[in-house]
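Below you'll find the structure, written out as structure tokens, and then a few comments.
Each chain gets a letter, A, B and so on, in the order the sequences are listed, and its residues count up from 1. Since the model is a prediction, treat every value here as computed from it, not as a measurement.
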There are 2 protein chains.
Amino acid sequence: MPDRPTSRDVARLAGVSRTTVSLVLNNVPDVHISPETRQRVLEAARQLNYYPDVSARRLVSGKTSTIALVWHRGPDRTYRDGFLPGLLQGVTRAARQYGYYVLFRPIEPDEPDDAWVELARGRHTDGLILSGPRSDDTALLDLHREGFPLVLHGQLPGTDIPSVDVDNESGAMTAVRHLLALGHRRIGMVTNAPLAYTASRQRLEGYRRALEEAGVPYDEALVRYGNFDEESGRQAMEALLALAEQPTAVFVASDMVAIGALRALREHGLRVPEDVAVVGFDDIATSRYLTPALTTVHVPAFGLGWSAAELLIRIIEGDTPNETQVRLETELVVRESCGAR
Amino acid sequence: MPDRPTSRDVARLAGVSRTTVSLVLNNVPDVHISPETRQRVLEAARQLNYYPDVSARRLVSGKTSTIALVWHRGPDRTYRDGFLPGLLQGVTRAARQYGYYVLFRPIEPDEPDDAWVELARGRHTDGLILSGPRSDDTALLDLHREGFPLVLHGQLPGTDIPSVDVDNESGAMTAVRHLLALGHRRIGMVTNAPLAYTASRQRLEGYRRALEEAGVPYDEALVRYGNFDEESGRQAMEALLALAEQPTAVFVASDMVAIGALRALREHGLRVPEDVAVVGFDDIATSRYLTPALTTVHVPAFGLGWSAAELLIRIIEGDTPNETQVRLETELVVRESCGAR
DNA sequence: ACGTGTTACTGACACGTGTTAGTATACACC
DNA sequence: GGTGTATACTAACACGTGTCAGTAACACGT
């Protein structure tokens with residue numbers, strides 16, 4: 001393995017100083033280099049197959065041109081795994097557009113929650129996107145206070161840390177409005193997760209407001225709580241079916257949980273959508289292939305990734321955006337399970 | 001934003017030289033530091049919340065402690081997207097275990113195929129995992145010849161570049177053997193992709209060998225070619241159903257393609273598995289939720305990621321493994337579509 | 001002849017760390 | 001009392017780059 005060429009080698013070959021090499025290769029503006037010299041330097045660099053050492057460049061410039069995506073592995077594994085490719089593609093695409101690299105850093109359950117801080121403190125990256133933030137993370141607040149560029153994917157109530165998320169409440173409203181428009185009045189709900197999760201509370205609130213808007217009284221007996229997975233959906237649906245007055249439609253605020261709900265309905269010999277209509281949330285890849293295909297609320301994974309990265313890079317580059325709390329709209333995807341066709 | 005503390009600040013506070021700080025914090029062996037001094041240094045570092053600057057460290061040590069996963073976005077988008085989370089988790093887990101970071105670099109269709117070489121040439125990383133390599137990539141061969149650490153995910157016939165892949169042929173054999181054991185003799189096959197792809201050829205070869213082993217003659221009319229997506233599977237199945245003598249079972253070498261095949265069967269009013277048994281390949285997340293649930297060959301995404309990263313890191317650290325062509329075994333997942341239950 | 005400005009470059013420093021070679025002291029050994 | 005050795009540290013260099021201050025040559029107007 002021959003020694004890597006440095007800018008010194010290029011300078012020697014071109015018969016100029018190292019400074020000139022740097023000026024030419026970086027296309028520094030407002031500096032005069034004769035066309036012949038410029039050409040000689042470029043030719044020498046090409047001939048030696050010279051690539052600048054990014055570590056040295058990082059050290060002297062103080063910029064890493066790298067952002068990191070920190071991925072907390074929580075209990076909602078399945079859903080988030082389906083979400084990752086889109087999000088990551090959005091992040092990397094925006095990063096590339098602005099000339100940044102992307103470091104991917106999952107935090108495994110056996111690691112401390114703040115295992116990611118070294119990325120910031122050790123100058124690994126110029127900024128961080130944190131997916132699935134915890135409010136008890138003091139390191140997070142410290143870094144934000146010190147002005148380190150951060151963007152959250154998901155919400156952290158009570159802070160002004162820039163964040164990107166989907167508009168959960170409006171998404172849930174759209175879903176429930178759709179069921180109301182189809183004539184349903186007795187509409188049950190299964191949440192995606194316990195109410196400790198912000199998204200769960202917001203989706204429930206959307207359900208509530210849609211009912212209110214239509215003049216349908218809110219009935220607590222019709223609300224059950226999912227817990228990310230299929231099994232929790234099955235149990236929640238069982239509970240709703242045990243009611244004296246069964247719902248004619250159910251809004252399940254997570255496709256994964258909805259899969260369990262559909263199974264419970266099938267086990268009870270009930271047809272979807274004829275006997276009970278179902279609408280989900282998330283639009284995971286599987287939903288379109290279910291029988292019946294699941295009507296659901298699409299979450300724009302790519303858009304979230306793109307927005308998060310773009311917002312972060314703006315902050316890094318000192319451009320202070322006037323809106324740092326980005327909420328993307330969802331979209332209702334009508335398939336078979338709601339009975340609209 | 002106050003200035004970041006450097007090792008010089010720590011040294012000053014602890015009343016020692018910068019060298020001593022480095023020796024203490026890196027726990028350099030075979031060097032004698034008195035317990036009191038050691039304690040003073042650690043205390044000073046803690047007090048200043050000192051983290052070493054990795055760019056400086058990288059520059060002087062010549063090591064980046066980073067590996068990159070290069071992700072070519074090819075035509076098999078859907079399948080590979082489902083594959084990414086597992087692979088990435090495997091890569092990052094192995095990386096963490098050995099103290100490496102992971103840079104994720106997708107190559108978009110509008111980029112040149114060798115857009116990733118700057119990662120190697122510019123000393124961004126100590127080594128690369130390339131997913132979906134192309135054999136016409138001369139930059140790849142150059143780097144390998146120069147001794148740059150590389151591991152391929154997927155195979156590149158005719159080179160000795162270390163690679164990690166699934167044993168496609170044996171996986172296909174297991175699937176077809178299963179159908180043979182269930183009594184089927186007229187077994188069709190739909191490939192996952194055109195035969196230009198190594199994996200397609202290998203899976204077809206597995207089908208062939210399993211038939212041969214059972215004394216069933218190979219009939220070219222029973223073989224059709226998929227092209228990654230659902231629609232190609234539907235068309236291939238249509239063609240098989242148009243045969244005078246229809247198959248009683250079909251091995252579809254891709255779950256995504258199998259979904260299309262199932263749709264064609266449904267459209268023809270045929271029941272699965274009663275009229276036609278189906279076995280897929282890949283075990284994408286959706287397969288278990290199909291109706292009927294798809295029997296398929298599980299591909300260990302996590303294991304592939306883990307193996308690739310571990311192999312790469314071994315190579316980086318100068319440990320020359322005697323086996324550089326890793327082939328992981330698949331596992332048949334029996335569900336409903338094969339009729340074994 | 002003189003000052004001014006422009007062009008085309010270069011020398012030297014700085015970034016923050018790891019590491020080698022070296023120094024000063026203390027102590028043991030015959 | 002000289003030699004050898006272990007202990008506890010430090011001074012100085014190196015990694016490869018970006019950039020600021022400076023310089024030599026030359027043109028130009030008066």
Inset, instruction - Starting at atom CG of B:L59, determine the distance to atom C1' of C:dG18, rounded to an integer number of angstrom. - result: 10 Å
Legend entry - Nucleotide of D:dT10, C:dT10, D:dG16 approaching A:L23 most closely (side-chain heavy atoms): C:dT10
Legend entry - Distance, rounded to the nearest Å, where B:R8 contributes CZ and C:dA14 contributes P: 11 Å
Inset, instruction - Could you check whether A:V31 gets within reach of a base, just the sugar-phosphate, or nothing at all, counting any heavy atom under 4.0 Å? - result: nothing
Legend entry - Base paired to C:dC2 (Watson-Crick or G-U; both N/O distances under 3.5 angstrom): D:dG29
Inset, instruction - Determine: side-chain N/O of B:S61 to OP1/OP2 of C:dG18, distance under 4.0 Å, yes or no. - result: no
Legend entry - Distance test, side-chain N/O of A:S22 to OP1/OP2 of D:dT17, below 4.0 Å: no
Inset, instruction - Check the pair B:E43, B:R40 against salt bridge (charged side-chain N to carboxylate O under 4.0 Å, His left out), reporting the backbone distance first and the verdict last. - result: CA-CA 5 Å; B:E43 173 58 27; B:R40 267 212 323 285; over 6 Å; no
Inset, instruction - Round to the nearest Å and state the distance from B:R18 atom CZ to C:dT20 atom C1'. - result: 13 Å
Legend entry - Sub-4.5 Å side-chain heavy-atom contact between B:L156 and B:S163: no
Inset, instruction - May I ask you to evaluate whether B:S34 reaches the phosphate of D:dC9, defined as a side-chain N or O under 4.0 Å from OP1 or OP2? - result: yes
Inset, instruction - Would you please confirm or rule out a distance under 4.0 Å between OP1 or OP2 of C:dT10 and any side-chain N or O of A:T19? - result: no
Legend entry - Minimum-distance nucleotide (side-chain atoms of A:V60 versus C:dA14, D:dC9, C:dC9): C:dA14
Inset, instruction - Establish, with yes or no, whether the OP1 or OP2 oxygen of D:dG16 is under 4.0 angstrom from a side-chain nitrogen or oxygen of A:S55. - result: no
Legend entry - Side-chain ion pair, B:D81 and B:R73, N-O less than 4.0 Å: yes
Inset, instruction - Determine: side-chain N/O of B:S17 to OP1/OP2 of D:dC9, distance under 4.0 Å, yes or no. - result: no
Legend entry - Spacing between B:H32 atom NE2 and D:dT5 atom P, to the nearest angstrom: 14 Å
Legend entry - Heavy-atom side-chain proximity of B:E108 to A:Q89 below 4.5 angstrom: yes
Legend entry - Protein-nucleotide distance (A:I33, atom CD1; C:dT7, atom C1'), rounded to Å: 10 Å
Inset, instruction - Figure out the CG/P separation between B:N27 and C:dT19, and round it to whole Å. - result: 13 Å
Inset, instruction - Using only side-chain N and O atoms of A:Y50, determine if any of them is under 4.0 Å from OP1 or OP2 of D:dT17. - result: yes
Inset, instruction - Answer whether the closest heavy-atom distance between the side chains of B:L103 and B:I67 falls below 4.5 Å. - result: no
Inset, instruction - Look at A:T6 and D:dG16 and indicate whether a side-chain polar atom (N or O) is within less than 4.0 Å of OP1 or OP2. - result: no
Legend entry - Base-pairing mate for C:dA14 - Watson-Crick or G-U, with both contacts under 3.5 Å: D:dT17
Legend entry - A:H153 vs A:F83, ring-ring contact (aromatic ring centres under 6.0 Å, His included): CA-CA, chis, key distance, verdict: CA-CA 12 Å; A:H153 165 221; A:F83 199 71; 5.7 Å; yes
Legend entry - Length of the line joining B:R57:CZ and C:dG18:P, which is rounded to integer Å: 5 Å
Legend entry - Distance in angstrom units between A:H124 NE2 and C:dG16 C1', rounded: 14 Å
Inset, instruction - Indicate, with a heavy-atom threshold strictly under 4.0 Å, whether B:V28 touches base, sugar-phosphate, or nothing. - result: nothing
